[in-house]
Novice: 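This is the structure I have questions about; it appears just below.
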Amino acid sequence: PPPPPPPRPLTRVRADAFVPLRGPVRMFRHGWQSWSPSDHVVLSAASDPGVPGSIELVREVFLADPSEVTDGSVRSSLVTTLEHADGVLLVGFRGGAEHEGTVRARAVPGGVELVVEADLGGAVLAPGEERQLHPFVVRSGDDADALLAAWAADLGTADGARAAGPRLVGWCSWYHWFTGITEAELRRTLALLGDWPFDVVQLDDGWQRAMGDWLRTNDDFPSSLDRLAADVAATGRTPGIWLAPFIADPATDAAARPGWAVADPATDQPRIGAISSDWPLPMQALDTTHPEVLDHLTSVTAALVDAGWRYLKLDFLFAAALPGRHHDPSRTPSQRVRLGLDAIRRGAGDDVVLLGCGCPLGPAVGVVDAMRVGPDVAPFWDPRPADVLPGFEGAPRSLRNAWQGSAARWFQHGRLWRNDPDCVLLRGTDTELTPAQRESWAEQVGAWGGSVLVSDDLALLGPAERALLARVLRPA
């Protein structure tokens with residue numbers, strides 16, 4: 001008999017339609033992961049960031065489908081709205097854990113060409129195998145905000161969103177010390193907490209021995225993790241800690257384990273999982289389809305929780321979705337993210353707060369309690385020119401980008417999770433922000449109703465900053 005056909009990698013399943021809409025048409029472009037730009041554009045004048053010549057790694061980090069766009073269409077992840085002369089059209093997927101969903105739109109004479117794609121990201125299907133795709137909905141109305149809110153509520157109900165609970169108010173080390181945080185500075189902050197209205201004290205990047213080595217502190221933190229957590233808890237606050245569970249420093253045990261790193265098929269070497277100007281070298285992506293990696297994620301999380309950390313900020317989560325050679329090639333990028341998140345939730349238990357950051361949004365509904373919904377804020381308004389990437393101007397850290405991204409996703413709060421628009425920066429020194437920028441950003445964060453974390457050296461804050469925070473928290 002002839003040999004059986006080889007398994008086929010399936011990229012996408014698509015549905016095409018022409019929709020007669022009277023223009024101009026204004027499109028909501030929803031970003032794939034936390035930091036992906038989300039905005040509104042006039043469709044006939046807009047271009048997709050994934051144009052030919054754009055950097056492949058950048059597309060892989062910020063777009064669900066990293067392919068180049070050559071037909072003039074503009075893509076949106078998970079959901080979009082098209083505002084036209086006669087009303088509003090919404091197209092959105094009712095699920096994101098099994099595969100990504102992308103909507104492409106292109107202005108043509110007389111209307112819009114739509115392509116709705118279920119993106120399986122090269123998952124290998126065996127002959128005769130079936131996959132159930134997420135359904136998508138098409139709705140019309142007069143109010144884009146109302147349509148988006150109703151869509152998010154439906155998705156949250158379908159996927160068991162963890163959207164209830166009190167507003168999270170706290171302090172975070174990142175935007176004053178960045179990776180330079182030390183135990184001495186943390187302890188100085190604990191001594192200054194007093195009656196600041198913080199529920200959480202969150203230690204950010206800079207405490208760990210290395211990326212991927214999450215159970216040992218570095219030399220700037222002489223105390224053990226359980227001692228640090230106990231001292232935070234002694235102030236009456238919940239201990240919170242940062243980790244990037246899906247990436248690893250090439251020198252760590254996690255990266256060196258056979259088969260644990262995602263490989264580049266062209267070179268058979270571990271592929272780049274994440275790059276940051278805050279780190280000395282690129283990180284590797286861990287393969288969340290490997291059973292040993294999943295066991296590792298569960299055990300590391302359980303150990304951190306046992307040490308007393310009850311609020312976990314999970315960063316750079318897009319790494320699980322990056323293309324490459326995986327232990328189980330049948331898994332889609334969305335499934336790889338969800339496998340990793342589920343492993344972490346198993347280790348954390350049900351009552352630990354998980355915050356997703358740099359996270360593909362669709363696969364996280366029902367697992368995380370809070371979600372970063374915009375790029376990093378920063379103590380300056382515009383992005384640094386060196387950080388700006390063509391087509392992705394809305395992604396680099398800056399107050400402007402954080403504001404725009406969080407404003408565009410306001411409708412997800414209380415429906416998919418508790419929104420985290422990122423930290424407020426109250427200090428008047430060691431910053432380039434004007435008083436008006438600091439105050440209006442803080443008050444806007446309060447009005448959105450999601451998390452409010454202060455990220456300043458408390459020694460720099462006085463009565464005026466305390467009064468501002470009180471105004472911020474009043475709408476809650």
Side-chain angles (χ1 to χ4, degrees), residues 12-33 36-51 62-65 67-96 99-119 133-156 158 360-362 373-374 391-395 404-413 415-416:
R12 59 182 60 89
V13 180
R14 56 184 281 170
D16 298 71
F18 168 78
V19 186
L21 301 179
R22 291 198 300 130
V25 176
R26 185 168 177 260
M27 180 183 184
F28 171 47
R29 299 191 297 186
H30 182 247
W32 169 54
Q33 54 114 322
S36 301
S38 295
D39 56 17
H40 293 79
V41 295
V42 176
L43 188 56
S44 60
S47 60
D48 190 273
V51 296
F62 291 110
L63 300 174
D65 170 14
S67 62
E68 294 179 337
V69 170
T70 58
D71 62 356
S73 63
V74 177
R75 78 187 102 187
S76 183
S77 180
L78 205 57
V79 67
T80 191
T81 56
L82 300 169
E83 299 180 56
H84 54 97
D86 301 312
V88 184
L89 186 73
L90 176 142
V91 183
F93 282 82
R94 292 198 64 190
H99 61 79
E100 294 294 344
T102 301
V103 183
R104 299 174 185 265
R106 184 164 70 100
V108 296
V112 172
E113 287 184 350
L114 277 179
V115 178
V116 183
E117 295 180 331
D119 185 358
L133 302 181
H134 293 300
F136 64 90
V137 297
V138 180
R139 296 171 179 165
S140 59
D142 298 322
D143 187 333
D145 289 347
L147 288 171
L148 286 166
W151 168 82
D154 288 348
L155 175 56
L361 301 191
V373 288
F392 297 90
E393 291 82 2
Q404 174 164 306
S406 299
R409 291 179 172 142
W410 69 270
F411 61 92
Q412 297 171 5
H413 177 62
R415 300 178 177 93
L416 301 181

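Owing to the predicted nature of the structure, the values given are computational and were not obtained by experimental measurement.
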Novice: side-chain contact (heavy atoms from CB on, under 4.5 Å) with Glu83: which residues, sequence neighbours excluded?
Specialist: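 Glu83: side-chain contact (heavy atoms from CB on, under 4.5 Å) contacts with Arg26, His40, Val88, Ala144.
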Novice: Does one side chain, of Arg409 or His30, offer a donor that lies under 3.5 Å from an acceptor on the other?
Specialist: yes
Novice: Quick one: CZ on Arg104 to OG on Ser76, what's the gap to the nearest 0.5 Å?
Specialist: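 Answer rounded to 0.5 Å: 11.0 Å.
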Novice: Rounded to the nearest 0.5 Å, what separation is found between the CG atom of Asp65 and the CD atom of Glu117?
Specialist: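 One gets 6.0 Å once the value is rounded to the nearest 0.5 Å.
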Novice: Which residues pass the side-chain hydrogen bond (donor to acceptor under 3.5 Å, both in side chains) test with Asp48, sequence neighbours left out?
Specialist: Arg75
Novice: Mind checking whether His99 and His134 have parallel, tilted or perpendicular rings, split at 30° and 60°?
Specialist: tilted
Novice: Taking all atoms of both residues into account, what is the closest heavy-atom pair of Ser47 and Arg29, and its distance?
Specialist: O-NH1, 3.1 Å
Novice: With rounding to the nearest 0.5 Å, note down the distance linking CG in Asp145 to CZ in Phe411.
Specialist: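 These two atoms lie 9.0 Å from each other.
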Novice: Considering non-hydrogen atoms only, spot the tightest contact between Gly31 and Leu361 and give its length.
Specialist: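 Looks like O-CD1, 4.4 Å.
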Novice: Between atom CZ of Phe136 and atom OG1 of Thr102, what is the distance when rounded to the nearest 0.5 Å?
Specialist: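 Between atom CZ of Phe136 and atom OG1 of Thr102 there are 12.5 Å.
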Novice: Can you list everything that forms a side-chain contact (heavy atoms from CB on, under 4.5 Å) with Val112? Sequence neighbours excluded, please.
Specialist: Leu21, Val25, Leu43, Leu82, Ala105, Leu114
Novice: Roughly how far apart are Leu155 CG and Arg94 CZ, rounded to 0.5 Å?
Specialist: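 If we round to the nearest 0.5 Å, Leu155:CG and Arg94:CZ are 8.0 Å apart.
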Novice: Atom OG in Ser77, atom CD in Glu100: separation rounded to 0.5 Å?
Specialist: 5.5 Å
Novice: Side chains of Trp32 and Leu78: closer than 4.5 Å at any heavy-atom pair?
Specialist: no
Novice: May I ask you to check whether over 12 heavy atoms, not counting those of Asp142, lie within 6.0 Å of atom CG?
Specialist: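 No, CG of Asp142 has 12 or fewer neighbouring heavy atoms, counting only those of other groups under 6.0 Å.
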Novice: Check the pair Asp119, Arg14 against salt bridge (charged side-chain N to carboxylate O under 4.0 Å, His left out), reporting the backbone distance first and the verdict last.
Specialist: CA-CA 8 Å; Asp119 185 358; Arg14 56 184 281 170; over 6 Å; no
